[in-house]
Amino acid sequence: MTHHLVVLGAGYAGLAAASRAARRLHSSDVRITLINSGDRFVERIRLHQLAAGQALREYPIRSLLAGTGVTLLVGSVQSIDAAAQRIEVQTSQATSPVEVDYDTLVFALGSRADVSAVPGVAEYAHSVADAGSAIRLRNQLAALDAAGAGTVTVVGGGLTGIETTAELAESHPALRVQVVNDVAPGNWLSHRAQQHVHQAFDRLGIDVRSGTVVHGVQPGRILLSTGEQLAADVIVWAAGFRVSELAATAGFTVDGRGRMAVDRTLRSVSDPNVYGIGDAAAAQVGDAVTRMCCQTSLPMGQHVADVIADQLTGRTPTPFRLRYVWQNISLGRRDAVTQFTHADDSPRAATLRGRPATLFKEGISRGVMVALRHPGPYPPAVRRRAATGQPNRGQESLEK
Ligand SMILES: Cc1cc2nc3c(=O)[nH]c(=O)nc-3n(C[C@H](O)[C@H](O)[C@H](O)COP(=O)(O)OP(=O)(O)OC[C@H]3O[C@@H](n4cnc5c(N)ncnc54)[C@H](O)[C@@H]3O)c2cc1C
C-alpha cells in the first residue's frame, strides 16, 4: 500500500513541497496529490503589477509539475477531518465535495487580504492579495483613467502598500494617488532606504497621509481616527494579510493570527501527521516567527519535502533554519530599494537603490520561478525507498 502525501495549496510553499518531495521519494512507495483552487500558478509577488495593468506570464501548474508524477486536484478545500485524516474538496465537476484521504498532510493555503479588520473594507475596498481582486482593481482603474481623472487611495504603508502605491502611481499618471498609514510608510527601514522611498513617492506625485488610523470605509470615502473623511474614487486595502480558518477549525493548534503552530521541523505541534508551511504557518526562526513572504515560503516548502522524505525513509530530519538577507521593494518598474537585513530580518545600514535594486529584484523574482521548476535537491539525491513498515493512513505517527 502506498503512502499518500497530500499538499494543500499550490503557492510558492506548496508547489515547492510537492515537486521536491516527488524527487526525494519513490512513486511506488509514496503518491503525492497537490490540491489547489485553480490550475494556474499565481505569481503573487507580482500582483501589484497585474493591478496596475501589466500582463503577467501564465504558468499552468501541470506544466510546472511535468515529470514529477504529482497529481494536481483542482478544487477548493472545504474542511479537514484530522481524526479521519480526510479532506473535503469542492471541485467544479462534482455537485458534492470529493473526499481525499491522507497519511501525511502539508497545509500551505497561504493568505489573503485582511478585509474584516475594519468595517466597510470587504464591501467597498479593493486588494492586490489575490489574482481575482487584482484584476477587479485593474478594471476599476482603467475605467477611472478613461474618465480622465480620479483619486486612488491605498491604505497600508508596509511592503505591499508601498509597492502597490508606487506601481499604481507610475502606471496611472493622470490619477491622483495617495497612501494612508498610521506611521510613515516604510518606517522600519534604514534611514537611507526610507529616504529613497520618500523621494520616489515625491517623484511619482504620491500624497502621503500618515499619523492617522483608518476606522471605516464607505462608498467613496475613508473615515479616519481624527474624525476626518478622505474622498477616494478607488480604495485599495493593503493593510495586512490573514490566513484561512481551516487550520483552526480542524483543531490544529494555531497562533493568535490563525497560523498553524509548527515545531522546528515544520510539523504541527498538535498533529504528527500534519505539517504547516508558507504564510499559513508560524515557525520559530531564532527569536522570531517567520514573516509572511515568498522569501520564507519557498525555503519552507523545500525543507518540508526533505523532512517528510527523511521521516518516511527512516532518517532524522534536520530543523528548519532561515536567515533573512534582504527585503526587496519595487517602486514602479524603473526604481526599487533593497534593504539588506540581519538574519532576524532587522535592517542593516546597507541598501541598493535605483537601477541596481530594480535589476536585483527582477532577477530574484525570475529566480523564484526557476527554483519552482527545478526544486532540487542538488546534486540530485537518489530517490529513497520508504522504510519498511512505514505507517499508512490510520496507523501511528511517523515519529517512532
Ligand atoms: C502584491 C504582493 C507583492 C508581494 N511581494 C513580495 C515580495 O516582493 N517578496 C516576498 O518575499 N513576498 C512578497 N509577497 C508575499 C508573498 O506573495 C506571499 O508571502 C507568498 O505568496 C506566500 O506563499 P504561500 O505558498 O504560503 O501562499 P500563496 O502564494 O498564497 O499560495 C496559496 C495557494 O493556496 C490556494 N488556496 C487557498 N485557499 C484554498 C482553498 N481553500 N482550497 C484550495 N486552494 C486554496 C491559493 O489559491 C494559492 O494558490 C507579496 C504579496 C503580494 C500580495
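In what follows, every heavy atom counts, from backbone to side chain, and hydrogens, waters and symmetry copies are set aside. As the structure is a computational prediction, the values presented were derived from the model and not from experiment. In listed order, ligands and their atoms are each counted from 1. Just so you know, residue 1 is the first one in the sequence shown, and it goes up from there.
- Listed for the Thr290 side chain is a donor-acceptor partner under 3.5 Å among the backbone atoms of Ala283.
- The protein heavy atom nearest to atom 49 (O) of ligand 1 is Asn36 OD1, 2.8 Å.
- Of the protein's heavy atoms, Ile45 CG2, 3.3 Å lies nearest to atom 13 (C) of ligand 1.
- Across the listed options Leu50, Val77, Leu8, Thr290, Val77 owns the non-hydrogen atom lying nearest to atom 40 (C) of ligand 1.
- When heavy-atom distances to ligand 1 are checked against a 4.0 Å cut-off, Ser365 has no atom that comes that close, whether in backbone or side chain.
- When only interatomic distances are considered, the shortest N/O to N/O separation between Cys293 and ligand 1 falls below 3.5 Å.
- Using a cut-off of 4.0 Å between Lys/Arg side-chain N and Asp/Glu carboxylate O, Glu170 and Arg203 are scored as not salt-bridged.
- If you look at Ala134 next to ligand 1, there are no close heavy atoms at all, none under 4.0 Å.
- Polar contact with ligand 1: absent for Thr164 (N/O pair, distance under 3.5 Å).
- Between Ala280 and Val243 the shortest heavy-atom distance is CA-CG1, 4.0 Å.
- Gly75 counts as a contact of ligand 1, since one of its heavy atoms falls under 4.0 Å from the ligand.
- Within the structure, ligand 1 has Ala129 among the residues with a heavy atom less than 4.0 angstrom away.
- When non-hydrogen atoms are compared, ligand 1 lies under 4.0 Å from neither the backbone nor the side chain of Gln78.
- Polar contact with ligand 1: present for Asp279 (N/O pair, distance under 3.5 Å).
- Using a 4.0 Å cut-off between a side-chain N of Lys or Arg and a carboxylate O of Asp or Glu, Arg20 and Asp306 qualify as a salt bridge.
- Between the side chains of Gln327 and Asp345, at least one donor-acceptor pair of N or O atoms lies under 3.5 Å.
- Here Asp335 does not pair with Arg355 in a salt bridge; the nearest charged N to carboxylate O distance is not below 4.0 Å.
- What sits closest to atom 31 (O) of ligand 1 on the protein, heavy atoms only, is Gly11 CA, 3.2 Å.
- Considering backbone and side-chain N/O atoms, Gly14 never comes within less than 3.5 Å of an N/O atom of ligand 1.
- If you look at Met292 next to ligand 1, the close heavy atoms, those under 4.0 Å, all belong to the backbone.
- A salt bridge links Glu163 to Lys361: one of the charged nitrogens lies within less than 4.0 Å of a carboxylate oxygen.
- Near Lys361, meaning under 4.0 Å from one of its heavy atoms, ligand 1 places the atoms 7 (C), 8 (O).
- Listed by atom number, the atoms of ligand 1 under 4.0 Å from Ser297 heavy atoms are 22 (C), 23 (O), 24 (P), 26 (O).
- The closest protein non-hydrogen atom to atom 52 (C) of ligand 1 is Arg44 O, 3.5 Å.
- Between Asp130 and Arg112, no side-chain nitrogen of the basic residue sits less than 4.0 Å from a carboxylate oxygen of the acidic one, so the salt-bridge criterion is not met.
- Nearest to atom 45 (C) of ligand 1 among the protein's heavy atoms is Leu109 CD2, 3.5 Å.
- Contact detail for Phe241 and Arg44: the closest heavy-atom pair is CE2-NH2, 3.8 Å.
- Closest to atom 53 (C) of ligand 1 among all protein heavy atoms lies Val128 O, 3.5 Å.
- For Leu246, no nitrogen or oxygen atom sits less than 3.5 Å from a nitrogen or oxygen atom of ligand 1, counting backbone and side chain alike.
- By the 3.5 Å distance cut-off applied to N or O atoms, Ser37 is counted among the residues near ligand 1.
- Within ligand 1, the atoms closer than 4.0 Å to a non-hydrogen atom of Gly278 are 26 (O), numbered from 1 in the order shown.
- For His303 and Phe320, the ring centers sit closer than 6.0 Å to each other.
- Nearest to atom 20 (C) of ligand 1 by heavy-atom distance, out of Phe241, Tyr12, Phe107, is Tyr12.
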